[in-house]
Amino acid sequence: MSAPHNRIFLLLTALAVTLAARASNYDETKVGTYTLPDPLVCADGTPVTNAATWYNVRRPEILELYRANIFGRSPAPGTNTTFNVWDTDTNALGGTATRKQVEINFSGTPVGPVAHLLLYTPAGKPAAPTFLCLQFGGNYTICTDPAIAIFPGWNPKTRALQMPVNPVRGQASNNWNVAATLARGYGIAFVNYCEIEPDLPGGAGLPYGVHKNFPAPGPDGWGAIGAWAWGASRALDYLATDHDVDPKRIILFGHSRLGKTALWAGAQDTRFAAVIANCSGEMGASLSRRDYGETVDDVAHHFPYWMCGNFQQFAHHWTNLPVDSHCLISLIAPRPLFLNTGSEDLWGDPHGEFLAARAATPVYQLLGQTGLTETDFPALDHPLLHDLSFNCHTGKHDVYPLDWEHFLDFADAHFSQKN
Ligand code: GCU
């Protein structure tokens, strides 16, 4: 290449780099300084000094800020949703479990959409505390039980519903510890989030999910996370009617974007007795004002359809956010919440989740619960088990068998005495 051409090439490259998204920060000394909104001061400046002011004034204020600016407003609970328990086996998984498969029809008409709930409860044990897990694949990926029905799934490449090619039963079983969960006296239920609303690039799934049954939303209308959270509440509607499940001890679990969803579902629907958000990261439990890993800009740019339209105004203007993730965490209080993170999940900013949990702790304490009083980030794989719990596992943006032991310990700490 000749010298002038070389210069033009360099100039164009520099321009392209400038126009491209800024590089993510992974340097703790460069996260910047920030001031978090105080969850215990009302919009009119009144300090929240008692539970009544929290429940009657400040909590509704924070919920409204999330609805208006972040996740959008969800429709009222679907009275049209119908449930069809089409499979019951009281001798499943070698006699250790009762299995049910339930068709959830979100419109109650042939239009659907339809999700398929898989439920295992410990054999012979009515009213078990139960995990409701939002998950990424078909139910057949959970475990090798040959009776689990295989349904078509959404293919993000073709953007079409199609039967899985060569489905492998139990291929995601490492993420779930169904046998251990049952052995410790818990039920466990699964719903594939894409059956609530397909998560297709650019929001192409919205016309096929629960959005289609409601009027087109305005700038504060629900995004896909709102849709998935709403679907989780409909699954809870079913579980609350099942005599093998204790409706007062349902623990919602989600990983990653479904960790964000679990937090938002738990914030809005207080029937979820506890929430576990695994590697929920940006717009989940990690602080947005900390410039580390994924940022508000990244979410606004790559996943605009997850959020409401009004969220876009905060791209490049994070400090204008009227809330931060500690406020979302506070909305779960006083109910138990477990934030699990991963040492290699820097994109999700584990330290930002730890600091958010610390910042939400005054709300837990106001409501007579225990939060994170530890000032130091804990040793890896050593959970800080409180009402507001935190752990950082050794490893990636994932869910490991050891995590499930921690989740079960967390559940035992809050629910097993009532078994
Ligand atoms: C992307 C996204 C994250 C999200 C994750 C996931 O990495 O940036 O915010 O948590 O996907 O859901 O897997």
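Remember, it's 1-based here, ligands and their atoms both numbered in the order they're listed. Worth saying up front: this structure is predicted, and the values here are computed from it rather than measured.
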>> If you take the centroid of each ring, where Trp contributes its six-membered ring, are F131 and W404 closer together than 6.0 Å?
In response: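 Here the rings of F131 and W404 have centres that are less than 6.0 Å from each other.
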
Check whether any N or O atom of [X], backbone or side chain, sits under 3.5 Å from an N or O atom of ligand 1, and answer yes or no.
X	value
R257	yes
S256	yes
W306	no

>> Consider salt bridge (charged side-chain N to carboxylate O under 4.0 Å, His left out). Of D242, D87, D89, which one does K100 pass it with?
In response: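 Only one of D242, D87, D89 forms a salt bridge (charged side-chain N to carboxylate O under 4.0 Å, His left out) with K100, namely D242.
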
> Does H255 come within less than 4.0 Å of ligand 1, judged by its heavy atoms?
Replying inline: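 False for this residue.
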
> Does even one non-hydrogen atom of H397 get within less than 4.0 Å of ligand 1?
Replying inline: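 It does, in that a heavy atom of H397 comes within the 4.0 Å cut-off of ligand 1.
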
> What protein heavy atom is closest to atom 7 (O) of ligand 1, reported as residue, atom name and distance in Å?
Replying inline: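 Going atom by atom, the protein heavy atom closest to atom 7 (O) of ligand 1 ends up being W347 NE1, 3.2 Å.
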
> In this structure, which one of F71, W264, Y193 forms a ring-ring contact (aromatic ring centres under 6.0 Å, His included) with W228?
Replying inline: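 So the option named by the test is Y193.
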
> Between K30 and D291, does at least one N-O distance fall below 4.0 Å, as a salt bridge requires?
Replying inline: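 No, this pair does not count.
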
>> Under a 4.0 Å threshold between the charged nitrogen and the carboxylate oxygen, would R67 count as salt-bridged to E64?
In response: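 The answer is no: the pair does not qualify as a salt bridge.
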
> If we only count heavy atoms from C-beta on, is the E282 to D298 side-chain gap below 4.5 Å?
Replying inline: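 When only atoms from C-beta onward are counted, D298 and E282 do not touch, as no gap falls below 4.5 Å.
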
>> Applying a heavy-atom cut-off of 4.0 Å, say which part of K260 lies close to ligand 1: side chain, backbone, both or neither.
In response: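 The answer is the side chain.
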
> So which of E294, H302, M283 gets nearest to atom 8 (O) of ligand 1, if we judge by its closest heavy atom?
Replying inline: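 The nearest heavy atom belongs to E294.
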
